[in-house]
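A quick write-up on the structure given underneath.
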Amino acid sequence: MVDSNHSSEEPPHFCLGQAKRGFRGQIHLIMVTEGLSNLPTGELERRLIELGFTEGAAVEILHEGTFGRDPIAVRIDNATVAIRRREAMAILVI
Amino acid sequence: MNVVAETGTRRFALIGTPNSGKTALFNALTGSRQKVANYPGVTVERKSGTLWLPSGHSVSLVDLPGTYSLRARSPDEEVTRDVVLGRLVGEAPPDLLICVADATNLRLAMRLVIELKQVGRPLLLVLNMIDIAHRRGVDIDTEQMSAALGVPVVTAAAVRRGGIDELSARLDELAAADLDTRREAGWQTPTISELRAAQREADRIIKLAVHMPTKPDTLTTRLDAVLLHPIFGLLILLALLFVMFQAVFSWAQPLMDLISAGFDAVGAGVHNWVPDGVLQSFLQDGVISGVGSVIVFLPQILILFLFILLLEDLGYMARAAFLMDRIMGGAGLHGRAFIPLLSSFACAIPGIMATRVIDNPRDRLTTILVAPLMTCSARIPVYTLIISAFIPAKQVWGFASLQGLVMFGLYAAGIVSALGVSFLAKFFFWRDDPTPPFMLELPDYKLPRPRSIVTGLYTRARIFLKRAGTTIFSMMVLIWFLASFPRPPEGATGPAIDYSLAAIIGHALSPLLAPVGFNWQISVALVPGMAAREVAVAALGTVYAIEGGKGAAEQIGHTLANQWSLPTALALLVWYIFAPQCASTLAVIRRETGSWRWMAITFTYMLALAYLASLITYNVAIALGAG
């Protein structure tokens, strides 16, 4: 499970959805758990990949929304993608 | 299927990811020779045009909706998939797929090209915005890329003069060549691991053929530091929306007055030239004011779309959605719904047309459904008439005028009910099918190209006049018919409308409307008032037999103050917050959703709300002793 703060079995990995503005790292794994999003798990994984969220890609959180620091604007390679923190929970980063 | 033999013209299709500059390239290739229609059975726009090649040959070019993959997730993307695979009935498969990619941001486009290769149709990759890429120090080896991909690659700069010469020459060669279009479409939905593999392959090719600078676009980064700032970003957005609202609301007014005056003058001319009778009335009150009531919206629509096209081309629209996502999301609306809803304060018609910026069809429908609840400018004459006649002009709390407060309350009621209805719509219509999450690419900022904006404006104006015009016009003629027939008998003393079908309908409705406090005069005035809300003011004047002209509104106010009770006046005010009293809006909803069903739903729910709210207001006012 990746839905809480205490879930990471391997300490250095954590969810992009929990990272702060200015975070820079690399995508370790795309892992969609049941109920994480409105979308079926496979569908969310496909959409994330189609927007360029693939293992090994460098990411940086550039901006945060006004309320609840949501959504976030993520720099990935040469593109910037806006995504809600809820869906960003499926992106494990180092 | 050999299309060339059938039509004699080659058919090329543009395909690409959103923000690849595909539309700018389409505009550059076809100029103003564009046709916009709908694909059969869906509300997806089909944009096509003729492309004249340097050799003098012409090719038909279709601009497919933007997509990240052929795995269609929306009606727009389904159209793209079906056209590419030759599955769409009535649409021959293209002889050549032209895949447009943003040269500064190749990752996602490269994966799409790899997917398109599977289709097996002739394919050409265009690296668009090559000028910007060069300026930023992106170095692309097109020959190496072409060899690695197995697809011909050509560069272009759609917004530069001469920027598409190389592309045109290449298309000329391809148009003359014997393209192998007989192969069966061989695409299958990729599995998740195939998607990953394709992205890895795309990254490998980019690494091989592209030298990227270490620094990303600094201008976009610096602009976003301000424009996406949690506080300043929102303030700038609000300021921008304020200017836009002002522009639609007040800049358009002189032009609209001019158009109205023009049509009035033509009407008066007809009045003088044509003898009194049915023909005169039909020409003056039916045809001319019918056409006038369509054209009068054009300035607002053009101004609104000027802003929208500029913001879209600048790359700001995606940022506005980012900033508004949380705020609008609470009511079940998409971040992009903000601009259409704000425009609806001026008029719901441009607002509903502006919902085209929302790509998700469900979010778009919800926005269309609630847009007419925003207090449009046509309600103002009705509100001011009743408020000035019934609400005393006194100060409350030492600083606010009571009349102003009532006006503010009416606006607030519209906004609150719009948010409430959208929340309920999500809950009732789409409960089992939750909205897709907000995931959106934020493109780099780019300077808009004036010619592209003008082309876009021209297209919008034409769509409005042609599509909405026909429906609005026929509704106006129908309402004229109801208010004019049958003609008053010889020697009739009352106003002509008292003998018409409208009066018959009004009298028939009057028992239904009595519980909300409406007398038969109001019921009769509501029938021609279906044409537009402000028409009800004039209709009330007609019913109470008040001569038009200067000061007519003031006279109507006096008459009403004597004839109506306060609860009736308040009930009518509340009625106008909700009532679907606008044939043009209903016509545009019908056109934009492509179905009578959504028009009927809008009409019914608004009417139900209006009746319920007036009923409550009337009875509460009486219970409080205002009667």
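Proteins get letters first, then strands, A, B, ... in listed order; numbering begins at 1 in each. Since this is a predicted model, take the numbers as computed values, not measurements. Below, all heavy atoms of this structure are taken into account, side chains as well, without hydrogens, waters or symmetry copies.
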| request: Using the side-chain hydrogen bond (donor to acceptor under 3.5 Å, both in side chains) rule, take B:R107 and A:T54 through it: C-alpha gap first, then chi angles, then the decisive distance, then the call. | output: CA-CA 11 Å; B:R107 270 191 95 211; A:T54 49; 2.8 Å; yes
| request: Please report the C-alpha distance between B:M439 and A:L44 in whole Å, then the side-chain angles of each, then the deciding distance to 0.1 Å, and finally whether the side chain to side chain contact (heavy atoms under 4.5 Å, CB included) criterion is met. | output: CA-CA 10 Å; B:M439 289 166 117; A:L44 178 60; 4.0 Å; yes
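The part of A:A57 that comes within reach of chain B is its side chain, from C-beta onward, which places non-hydrogen atoms under 4.5 angstrom from that chain. If you measure heavy-atom distances from A:E45 to chain B, the contacts under 4.5 Å come from the side chain alone. With a 4.5 Å cut-off on non-hydrogen atoms, B:R71 touches chain A through its side chain but not through its backbone. In this structure, the portion of B:T189 lying under 4.5 Å from any heavy atom of chain A is its side chain and not its backbone. Both the backbone and the side chain of A:I30 come within contact range of chain B, judged by heavy atoms closer than 4.5 Å. B:E441 touches chain A through backbone and side chain together, each having a heavy atom under 4.5 Å away. Contact annotation for B:T191: only backbone heavy atoms (N, CA, C, O) come within less than 4.5 Å of a heavy atom of chain A. Interface residue A:I49: backbone and side-chain heavy atoms are both found under 4.5 Å from chain B. For A:R47, the parts sitting under 4.5 Å from any heavy atom of chain B are the backbone and the side chain alike. Contact of B:D224 with chain A is made through backbone and side chain together, with heavy-atom distances under 4.5 Å. For B:L442, the parts sitting under 4.5 Å from any heavy atom of chain A are the backbone and the side chain alike.
Of all the listed residues (B:I327, B:L323, B:I231), the one sharing the greatest number of non-hydrogen pairs under 4.5 Å with chain A is B:I327. Counting heavy-atom pairs closer than 4.5 Å to chain B, the top residue among A:L51, A:I83, A:L62 is A:L51. With respect to chain B, the highest number of heavy-atom pairs below 4.5 Å among A:G56, A:A79, A:A88 belongs to A:A79.
Here B:D203 contributes atom CG and A:D77 contributes atom CG; the two are 7.0 Å apart, rounded to the nearest 0.5 Å. Here the straight-line distance linking atom CG of B:L108 with atom CD1 of A:I76 works out to 8.5 Å at 0.5 Å rounding. To the nearest 0.5 angstrom, B:D102 atom CG is 9.0 Å from A:N78 atom CG. Rounding to the nearest 0.5 Å places CZ of A:F67 at 8.0 Å from CE of B:M324.
The minimum heavy-atom distance between A:E50 and B:S69, with the atom names listed, is OE2-OG, 3.1 Å. Nearest approach of B:F322 to A:A82, heavy atoms of both residues: CD1-CB, 3.5 Å.
Partners of A:R24 by salt bridge (charged side-chain N to carboxylate O under 4.0 Å, His left out), not counting sequence neighbours, listed by chain and number: A:E60.
Atom CG of B:L235 is surrounded by more than 12 heavy atoms from other residues, nucleotides or ligands within 6.0 Å. Atom CZ of A:F23 is surrounded by more than 12 heavy atoms from other residues, nucleotides or ligands within 6.0 Å.
Electrostatic pairing of B:R200 and A:E55 does not count as a salt bridge here, judged by no charged N lying under 4.0 Å from a carboxylate O.
Not a single donor-acceptor pair under 3.5 Å links the side chain of A:D70 to the backbone N or O of B:R326.
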